[in-house]
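Down below is the structure, laid out as structure tokens.
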Amino acid sequence: MILPGSDTNSIAVSADGIRAGRLLGLPTETVYGLAADADNDTAVAQIFVAKGRPADHPLIVHVADASAVDHYATDIPDFARALMTAFWPGPLTLILPRRPGVANAAAGGNPTIGLRCPSHPVAQALLKHLLGTEPSQANQAQPAGAGRVWGVAAPSANQFGRVSPTTAAHVQGEFGDDLLILDGGACSVGIESSIIDCTRGQPVLLRPGAITPEQVQAVCGMKVLQKEELSAQDLPAPKASGTLESHYAPQATVRLMTAADLQTALQLLGKDAGQADLRPSIAVYSRATFKKLSAHVLYRRMPLDAASTAQQLFATLRDFDAQGVKLIWIETPPDDPLWDGVRDRLQRAAC
Ligand code: TXA
Ligand code: MG
């Protein structure tokens, strides 16, 4: 069932569901999450089952603000605190040493925990309600800490390996009408948060997103390592779905091509006049435009800037699937750090 996220009653009903150990479809500014009380291992176990995700792949825990961080994490380095101050609430996840005994299932048993403070107003309203810091709750006679939920574990609300959802309808398509979903509109960022590992003495980029290594570096005053440099140091990294080679994949086969290769391929296709079945079987998503496309081709223009492309990327891939195309040909994004997040998702979709 989809509830309007802007309605305070929807927030209260959703918070009750979380407290009772149920799952919730939650809008964030990046993608929608499938949320459960991060301190309730039984509820968190249901997330893994619903997604078909291996139980040792850690989930991100979402908090209302930095005040909930010490509940989950310990030995927090100064540079991680600086990143919270600079980028929270926002699309940045920090991997920190986990406080022993807390959120074991959410962390997939790892000694570390991923924390993020989302900026989406609906996510903020829910998290503040759960923490008991909403202004409307100030006068309620509750013993301190009663029913308090410090944060929610929420991976992207899609089946394991599939394209992340950026609307409430996408989430409903993944999990059906039994799941309670808060509608927060279309996500403004559109790809998952940047993930910075803060447990290795120096920031390490585990997943590119809207916040770039350059921005992180400017705040920490430390070089941001790439995770490839990490394995060179022979340090074990936990299993992490978002970093698997094949992920974010639509049903159709995705191929990344240069504009020139696209042009050549489309010219070859052009000679299909006279075929009976004119339903599009190939989708093209590119910044380049082409003249006289075959009726078999469904063309969608890729925006010229990375942020707009990220915002519509997953919805576009889902739409191509819904149109029944078998192939998706995508123009390779520009070789520019601003496009790293989009390029990363496309490369995984193309595996
Ligand atoms: O934008 C986002 O981050 C979205 C929204 C819902 O907030 N969430 C999201 O969660 O993408 P999920 O579960 O699909 O991605 C979780 C990823 C893991 O695949 C892994 O890469 C990383 O977060 N992660 C979480 N906890 C970790 C840990 N303890 N150590 C290393 N990586 C971790
Ligand atoms: Mg995911």
Side-chain angles (χ1 to χ4, degrees), residues 23-36 38 44 47-48 50-63 72-73 87-99 102-120 122-124 126-127 151-166 170-171 174 181-182 184 187-200 203-211 227 230 235-249 310 314 341 344-345 348-349:
L23 303 187
L24 174 74
L26 178 70
T28 83
E29 71 280 20
T30 58
V31 301
Y32 276 69
L34 184 63
V44 169
I47 298 180
F48 289 99
K51 277 190 62 115
R53 174 167 167 148
D56 58 351
H57 287 209
L59 310 178
I60 293 170
V61 174
H62 299 66
V63 292
Y72 292 108
F87 298 114
W88 282 8
L92 178 70
T93 295
L94 302 176
I95 308 300
L96 297 164
R98 180 163 61 99
R99 189 174 286 288
V102 171
N104 189 51
N110 288 290
T112 55
I113 185 133
L115 295 179
R116 168 164 122 75
C117 172
S119 65
H120 193 294
V122 175
Q124 274 290 323
L126 179 86
L127 290 165
V152 297
S156 51
N158 54 278
Q159 298 292 331
F160 184 61
R162 291 288 164 205
V163 176
S164 300
T166 54
H170 292 162
V171 181
E174 294 280 335
I181 303 163
L182 279 171
C187 302
S188 60
V189 175
I191 57 172
E192 301 82 351
S193 58
S194 312
I195 303 182
I196 297 287
D197 188 343
C198 304
T199 67
R200 303 179 191 271
V204 181
L205 180 72
L206 297 186
R207 180 173 74 184
I211 292 174
K227 64 174 184 299
L230 191 70
L235 287 168
K239 293 200 181 64
S241 322
T243 61
L244 293 179
E245 246 171 46
S246 173
H247 213 65
Y248 314 108
F314 290 146
D344 170 79
R345 301 317 186 276
R348 292 178 206 288

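In each ligand, atom 1 is the first atom listed, and ligand 1 is the first ligand listed.
Ligand 1 has no atom lying under 4.0 Å from any heavy atom of Ala107. Ligand 1 has at least one atom lying under 4.0 Å from a heavy atom of Arg207.
For residue Ser156, an N/O/S atom approaches the Mg ion (ligand 2) to within less than 2.8 Å.
Shown in contact with Ile195 at under 4.0 Å from a heavy atom are these atoms of ligand 1, numbered in order with element: 17 (C), 21 (O), 22 (C), 23 (O). Within the listing of ligand 1, atoms 28 (C), 29 (N), 30 (N) sit less than 4.0 angstrom from a heavy atom of Thr112. Atoms of ligand 1 lying under 4.0 Å from any heavy atom of Gly33, numbered from 1 in the order shown and given with element: 6 (C). Near Thr30, the atoms of ligand 1 lying under 4.0 angstrom from a non-hydrogen atom of the residue are 1 (O), 2 (C), 4 (C), 5 (C), 7 (O). Close approach of ligand 1 to Ser193 is summarised as follows: ligand atoms under 4.0 Å from at least one heavy atom of the residue are 1 (O), 2 (C), 3 (O). For ligand 1, the atoms sitting less than 4.0 Å from at least one non-hydrogen atom of Leu59 are 25 (C), 26 (N), numbered in the order shown with element in parentheses. Atoms of ligand 1 found under 4.0 Å from any heavy atom of His62, numbered from 1 in the order shown, are 5 (C), 6 (C), 7 (O). The ligand atoms of ligand 1 that sit less than 4.0 angstrom from a heavy atom of Ala154 are 6 (C), 8 (N), 10 (O).
Between Arg116 and ligand 1, an N or O atom pair is found at a separation short of 3.5 Å. The shortest N or O to N or O distance between Tyr32 and ligand 1 is not below 3.5 Å. No N or O atom of Glu192 sits closer than 3.5 Å to an N or O atom of ligand 1.
One finds a salt bridge joining Arg116 and Glu29 here, because a Lys/Arg side-chain nitrogen approaches an Asp/Glu carboxylate oxygen to under 4.0 Å.
Of all the heavy atoms of Arg53, the ones lying under 4.0 Å from any atom of ligand 1 belong exclusively to the side chain.
Within the 6.0 Å centre-distance limit, the rings of His57 and Phe160 are counted as a close aromatic pair.
Listed for the Tyr72 side chain is a donor-acceptor partner under 3.5 Å among the backbone atoms of Gly151. Between the side chain of Arg53 and the main chain of Ile47, no donor-acceptor pair closer than 3.5 Å is present. The backbone N or O of Gly209 sits less than 3.5 Å from a side-chain atom of Ser194, completing a donor-acceptor pair.
The heavy atom nearest to atom 18 (C) of ligand 1, out of those in Pro118, Ser194, Pro58, is found in Pro58.
The side-chain heavy atoms of Ile195 and Leu205, taken from C-beta on, include no pair separated by under 4.5 Å. Side-chain contact between Pro89 and Pro118 is absent, with no heavy atoms from C-beta onward closer than 4.5 Å.
No donor-acceptor contact under 3.5 angstrom links the side chains of Ser156 and Glu192, judged on distance only.
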Open item on the list: One pair to check against side chain to side chain contact (heavy atoms under 4.5 Å, CB included): Lys51 and Arg162. What are the steps and the verdict?
Closed with: CA-CA 10 Å; Lys51 277 190 62 115; Arg162 291 288 164 205; over 6 Å; no
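For the side chain to side chain contact (heavy atoms under 4.5 Å, CB included) with Ile95, the lone residue among Ile60, Ile113, Leu206, Asn110 that qualifies is Leu206.
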